[in-house]
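The structure appears right after this line, and notes come after that.
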There are 2 protein chains.
Amino acid sequence: MLDLDERKVKILKAIIQNYLETGEPVGSRTISKYTDINLSSATIRNEMADLEEMGYIIQPHTSAGRIPSDKGYRFYVDMLMEDKVKEVDDMKNILLEKADKLENLLQQVAKLLAVNTNYTTMVTAPQFKKKVKFIQLTEIEDNQLLVVIVFEGNIVRNKIVNVTASLNKEMVFKLNFVLNTYLQGLDLEEINLPVITQMREQAGEYQIIINDILDAIMKSVSEEDDMKIFTSGTTNILKYPELRDNDKATELLYTIEEKKLLTGILQDNMDDDENRGIQVYIGDETPIETMKDCSVVTATYEIEEGVYGKVGIIGPKRMDYEKVVSTLQSLMMQLDEIFKKKT
Amino acid sequence: MLDLDERKVKILKAIIQNYLETGEPVGSRTISKYTDINLSSATIRNEMADLEEMGYIIQPHTSAGRIPSDKGYRFYVDMLMEDKVKEVDDMKNILLEKADKLENLLQQVAKLLAVNTNYTTMVTAPQFKKKVKFIQLTEIEDNQLLVVIVFEGNIVRNKIVNVTASLNKEMVFKLNFVLNTYLQGLDLEEINLPVITQMREQAGEYQIIINDILDAIMKSVSEEDDMKIFTSGTTNILKYPELRDNDKATELLYTIEEKKLLTGILQDNMDDDENRGIQVYIGDETPIETMKDCSVVTATYEIEEGVYGKVGIIGPKRMDYEKVVSTLQSLMMQLDEIFKKKT
DNA sequence: GTTAGCACTCTCTGCGAAAGAGTGCTAACA
DNA sequence: TGTTAGCACTCTTTCGCAGAGAGTGCTAAC
């Protein structure tokens, strides 16, 4: 990687930056004229030939300028990017105003990011810890039970359960008591057969219902758990001619609509401690086939100790990495503040 | 409208059907050869000239065949369509399996329809009656209150409220009692100042919290109420060359992504009794500007007495109206069954 | 090591010719 | 009088080709 002398680096940087702006292949003349590198186009040409041989840039055809290769972008992202510390519009206020419910907040985050960056964005809901805080049963009809479950972190889920037996207050009271006694503080994984058997015994005559309720609990979690992903700015993709072409755009849009297909890149290595920062996937580096012509930048946010979600931005390979990265950094900080305040 | 003799009608129908299939302008020769109308192309040409003059068909340019005008489509939809009573794949079973929660069910409906028709689909959540069935407060932290509201029709909403005062069991109990006494059975519109004042008086020292809670109730309704719309098959639009072109596709996709923009066509005249059936909007007839080159077919479903939602299908003007209409009809019947069973 | 110069390559644009499709009109036919 | 065959005409689409433009690689000179 360090086989580049200073001049080559300068030229490479100039090529990439120019290409990021224009999206057109960059010729030697452009570099020699419009940068502070005072060399003739011929010299630049020689250097460019070298850079191409080394794989940092590519010539679409013989008589065109050069465009960065994936390797070139990689080098740029790793070594050349300057930290634009410019404070991005602070979104915090807008976010706090609009969003009281987590879902809405995340949707808003996606939208704000999309508007700010002009790329497509995606946000996953955090994978909350499934520790039961308490459970509350309420009778709503003679044979219908409303089950409200509050998990650690104040995640609330509710579900209506139809029971076969006819209900009465005593029964509901007892069930409430039993359920809470046994399940409070338990992780979902900890609700195993021994616990269930014990509860059954305690419940006495009502034990048939216990099953129904446990079912509901499990379902209500796994259901939402199948990865809620919020997206925004889908159509931004069509703003970039290199993606708009052919059927690539269609495939891409389809991938984004079928949100499940995005998990590949958003779930990727959430547990790996190293990958908590900002990650950049360039072209082929992406785990998602249909995004081979794109770059994706992801970041991890933390809602509270140990509860993570991800934010991602999808754009053309020539995306404005600096802006995207700094915007994400800024966003992460602001989200941190929001969540800390909330707790 | 009845200025068309039988032969003209036959020819018009042939033109439209052919165009629906191919998407290409239809020439006189095609009609004379590939239909059971035994006339020479010359005769057909004469008739076509007439039809054009009357506004049913259009010539994109002098030496091209004819394509239907909006008026032509309208005539076709109103007069010529045959009821394909063919039973469409019964979706009921798939639906019942997959969807226990209303939201999921509606999302599934959208998806199924999209897959079945190859068009873009949208489904609105039903506008439920906002009659309070009961309210339940639970203390989850020292200064946090979980408010669960169940509305008529077993729609459940929950919200966490931060209160300034520190809570205790007595307080929560009393508030629960007061709220339920006063609000049960009330429509949200009926919660007016007198009621609120009375409640305040009853609540005594806790009256500050009452406001917070009422706020939460109102918010939790209006929030979800801002029209949940589910869409699916967005990218299907790109399958039709006449829409794929230019920036029209982009605009369309944008309209669909910004689901709020769809309310124009989905909320339209829900109260009008006449419009409960299946409605077809052709080209300019649509209330949504960006869909001028599309046709939209909507249908109204009824979840229970007086609670309606809409289903819509967006496609090119040359959409397969017969199939779409019959699919929707079949879907409506199946939804009816599902909802009746549920209640 | 740098640069000027030049031949070379490739793409893009515009243009005209040719092909193809379909029409409208006229004249003949039943 | 309605239907049809025939033909000239119009318009689009396709193709090839020439010329312009952009950029290169190489060579030779500085």
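So that the names make sense, note that chain A is the first sequence line, chain B the second, and so on, each numbered from 1. Side-chain atoms are counted along with the backbone in the values below, which use heavy atoms only and exclude waters and symmetry mates. Since this is a predicted model, take the numbers as computed values, not measurements.
A:Glu251 and A:Thr290 are not linked by any side-chain donor-acceptor pair at a separation below 3.5 angstrom, with hydrogens and angles left out of the test. Between the side chains of B:Thr298 and B:Gln279, no donor-acceptor pair is found at a separation under 3.5 Å. A donor and an acceptor atom, one from each side chain of B:Thr43 and B:Ser40, are located under 3.5 Å apart.
With hydrogens and angles left out, the side chain of B:Thr62 and the base of D:dC11 share no donor-acceptor pair within 3.5 Å.
The pair A:Lys248-A:Asp293 meets the salt-bridge criterion, since a charged nitrogen lies less than 4.0 angstrom from a carboxylate oxygen. Salt-bridge check for A:Glu242 with A:Arg318: passed, with a basic side-chain N closer than 4.0 Å to an acidic carboxylate O. Using a 4.0 Å cut-off between charged side-chain N and carboxylate O, B:Glu258 and A:Lys111 make a salt bridge. Ion pair B:Asp70/B:Arg74 not flagged as a salt bridge, since none of the NZ, NE, NH1 or NH2 atoms sits closer than 4.0 Å to an Asp/Glu carboxylate oxygen.
Taking a pair to require two hydrogen-bonding distances under 3.5 Å in either a Watson-Crick or a G-U wobble arrangement, D:dC11 pairs with C:dG20. When Watson-Crick and G-U wobble pairs are counted only if both distances are under 3.5 Å, C:dC15 pairs with D:dG16. Look at D:dA29: its Watson-Crick or wobble partner, with both distances under 3.5 angstrom, is C:dT2.
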For residues 24-31 of chain B, run the donor-acceptor check on the side chains, cut-off 3.5 Å, and write out each pair with its distance to 0.1 Å, sequence neighbours left out.
{"unit_1": "B:Ser28", "atom_1": "OG", "unit_2": "B:Arg45", "atom_2": "NH1", "d": "3.3"}

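One atom, CD of B:Glu47, and another, C1' of D:dT3, lie 11 Å apart when rounded to the nearest Å. Atom CG of B:Asn46 is separated from atom C1' of D:dT4 by 10 Å (rounded to the nearest Å).
Remark: B:Gly27, B:Ser28 in residues 24-43 of chain B come within less than 4.0 Å of DNA chain C through at least one heavy atom.
If you walk DNA chain C from 5' to 3' and mark each nucleotide with an atom closer than 4.0 Å to a heavy atom of chain A, the marks span C:dT2 to C:dT11.
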